[in-house]
Number of protein chains: 2
Amino acid sequence: MGKTKSITTFEQHLKNQYGELGTESRDQFEAKAKSFIIGEMLKEERLHAKLTQEELANKIGAKKSYISRIENGKTDIQLSTLYRIFELGLGKRITVSVN
Amino acid sequence: MGKTKSITTFEQHLKNQYGELGTESRDQFEAKAKSFIIGEMLKEERLHAKLTQEELANKIGAKKSYISRIENGKTDIQLSTLYRIFELGLGKRITVSVN
DNA sequence: CATGATGTACCACAATTAGTTAACTTTGAA
DNA sequence: TTCAAAGTTAACTAATTGTGGTACATCATG
């Protein structure tokens, strides 16, 4: 069974990192929250696979600094990147579903 | 219950659209296949909501041509774009899970 | 503490998406 | 068939990811 994380779990954490909602819209805030969640999932899976950021980066032809940025939710990644990292890099299967 | 589509479903369709696997790598091929699947999901949900591409575009502050490109899998979108379209535009919830 | 391994931040640039406009094509209904 | 609405495509610009490289920070452990 796959793991799914709720956005609410990280809301407080994000407020600490980015400050209270104010200047930015709710949408932008949620986008950051979701990048953060993806990052958390990646870190979890990477550690589970016992790989360092550098090893994972090598597997997909990227640099460790890039993996770090994604894990910390600092960048909005493309779908193809999501697949490349999880499937090519970690041998996991990504599923996107609409509810 | 959310809908999930398999990549294999569209493999033949993609071969028709892009030709046989050859010059491009399997990875690139799968990336296209997945963009296509996302597009199919979007079209399905949009029609279910009884919206035209233009109406959906207006809801998220975009143009109909952009929606069309996504529905036809012609562009590799960012995660934030995926969320914006489905959640803001269609009121649906996107879930990304790792198996 | 000292050292090496791991992870993060910063800066710069190339490649690609995001977004617009406008023309063209398809579809469906009168 | 005609016409308008809906959808597709191309061309182009602007914004941002993707990427490399380097320096810095953190962590674990002898």
Side-chain angles (χ1 to χ4, degrees), chain A residues 13-14 16-18 24-25 27-28 30-32 34-36 38-90 96, chain B residues 13-14 16-18 24-25 27-32 34-36 38-90 94 96:
Chain A
H13 187 127
L14 277 159
N16 295 338
Q17 194 172 12
Y18 296 112
E24 65 189 340
S25 71
D27 281 353
Q28 289 174 308
E30 294 216 349
K32 282 179 184 168
K34 279 160 177 167
S35 288
F36 191 79
I38 296 290
E40 286 277 318
M41 288 167 64
L42 173 56
K43 185 168 193 171
E44 204 172 298
E45 294 293 340
R46 177 178 62 78
L47 293 177
H48 189 71
K50 298 198 193 313
L51 291 173
T52 65
Q53 289 183 341
E54 191 162 27
E55 288 167 338
L56 173 57
N58 288 339
K59 282 192 150 196
I60 63 165
K63 297 299 167 193
K64 62 177 183 172
S65 58
Y66 184 47
I67 301 295
S68 172
R69 259 169 44 195
I70 295 171
E71 286 191 0
N72 290 295
K74 307 249 180 197
T75 188
D76 183 16
I77 64 174
Q78 290 166 15
L79 270 177
S80 62
T81 302
L82 185 70
Y83 294 133
R84 208 169 90 243
I85 292 178
F86 280 94
E87 302 194 355
L88 182 60
L90 295 172
V96 176
Chain B
H13 187 126
L14 277 159
N16 295 338
Q17 194 171 13
Y18 296 111
E24 66 190 340
S25 71
D27 281 352
Q28 290 175 308
F29 185 81
E30 295 215 351
K32 282 179 185 169
K34 280 160 177 167
S35 288
F36 191 79
I38 295 292
E40 287 277 318
M41 288 167 65
L42 173 56
K43 185 168 192 171
E44 204 172 299
E45 294 293 341
R46 177 177 62 79
L47 293 176
H48 190 71
K50 298 195 192 314
L51 291 173
T52 66
Q53 290 183 339
E54 191 161 28
E55 288 166 337
L56 173 57
N58 289 339
K59 281 191 150 196
I60 62 166
K63 301 294 173 201
K64 62 177 184 174
S65 59
Y66 186 48
I67 301 295
S68 172
R69 264 174 26 201
I70 295 170
E71 285 191 0
N72 289 294
K74 307 250 180 198
T75 187
D76 182 16
I77 63 174
Q78 291 169 10
L79 273 177
S80 62
T81 302
L82 184 72
Y83 293 133
R84 209 170 90 242
I85 294 178
F86 279 95
E87 302 194 354
L88 183 60
L90 295 172
I94 287 285
V96 176

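Reminder, nothing fancy here: chain letters follow the sequence lines and each chain counts from 1.
- You'll find the side chain of B:Leu90 reaches within 4.5 Å of the side chain of B:Leu42, heavy atoms only.
- For B:Glu87, the salt bridge (Lys or Arg N to Asp or Glu O under 4.0 Å) partners two or more places apart in sequence, or in a different chain, are A:Lys34.
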Please enumerate all protein N or O atoms sitting under 3.5 Å from an N or O of nucleotides 15-20 of chain D, with distances to 0.1 Å.
residue : atom : partner : partner atom : Å
D:dG18  : OP1  : A:Gln78 : N            : 3.0
D:dG18  : OP1  : A:Thr81 : OG1          : 2.6
D:dG18  : OP2  : A:Tyr66 : OH           : 2.5
D:dG18  : O5'  : A:Tyr66 : OH           : 3.0
D:dT19  : OP2  : A:Arg84 : NH2          : 3.0
D:dT19  : O4   : A:Arg69 : NH1          : 2.8
D:dG20  : OP2  : A:Lys63 : N            : 3.4

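- Per the geometry, CG belonging to B:Leu51 stands 15 Å off C1' belonging to D:dA5, to the nearest Å.
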Between protein and nucleotides 26-29 of chain C, what N or O pairs are separated by less than 3.5 Å?
none

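- Note: NZ (A:Lys50) to C1' (C:dT6) measures 16 Å, nearest angstrom.
- Residues A:Phe36 and A:Asn72 approach most closely at CD1-O, 4.0 Å, considering heavy atoms.
- A straight line from CD of B:Gln53 to P of C:dT25 spans 17 Å, rounded to a whole angstrom.
- The NZ atom of A:Lys63 sits 15.0 Å away from the OG atom of A:Ser68 when rounded to the nearest 0.5 Å.
- Atom-to-atom, NZ of B:Lys43 to P of D:dG7 comes out at 8 Å; the value is rounded to the nearest Å.
- Note that CG of B:Leu56 and NZ of B:Lys64 are 13.0 Å apart. Values are rounded to the nearest 0.5 Å.
- Contact annotation for B:Thr52: backbone-only contact, meaning every heavy-atom pair under 4.0 Å involves sugar-phosphate atoms and none involves a base.
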Discussion item. Can you build the contact string for nucleotides 25-30 of chain D? Use B for base contact, S for sugar-phosphate-only contact, and - for no protein heavy atom under 4.0 Å.
Written reply: ------
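- A:Ile67 and A:Ala57 get closest at one heavy-atom pair: CG1-CB, 3.8 Å.
- Counting to the nearest Å, the P atom of C:dC10 and the CG atom of A:Asn72 are 12 Å from each other.
- Scanning for salt bridge (Lys or Arg N to Asp or Glu O under 4.0 Å) contacts around B:Arg46 gives B:Glu71, with sequence neighbours left out.
- No side-chain heavy atom of B:Phe86 sits under 4.5 Å from any side-chain heavy atom of A:Val96.
- Contact annotation: the side chain of B:Tyr66 approaches that of B:Thr81 to within less than 4.5 Å [non-hydrogen atoms, C-beta and beyond].
- How far CD1 of A:Ile77 is from CD1 of B:Ile77: 12.0 Å, rounded to the nearest 0.5 Å.
- In terms of phosphate contacts, A:Arg46 brings no side-chain nitrogen or oxygen within less than 4.0 Å of OP1 or OP2 of C:dT6.
- Considering CZ of A:Arg69 and OG1 of A:Thr75, their distance stands at 5.0 Å, rounded to 0.5 Å.
- To the nearest angstrom, C1' of D:dG7 lies 13 Å from CD of B:Glu55.
- Across all their heavy atoms, B:Gln78 and A:Asp76 have their closest contact at OE1-OD2, 3.0 Å.
- With rounding to whole Å, B:Leu56 atom CG is found 10 Å from D:dG7 atom P.
- Between B:Ile67 atom CD1 and D:dT8 atom P there is a gap of 11 Å when expressed in whole angstrom units.
- Taking five base pairs at each end of the helix from C:dC1-D:dG30 to C:dA30-D:dT1 and finding the rotation axis that steps the C1' atoms of four pairs onto the next four gives two axes whose angle is 50°, to the nearest 10°.
- Rounded to the nearest 0.5 Å, atoms CD (B:Gln53) and CG (B:Leu47) are 9.0 Å apart.
- For the atom pair CE of B:Met41 and CG of B:Leu82, the computed distance is 7.5 Å after rounding to the nearest 0.5 Å.
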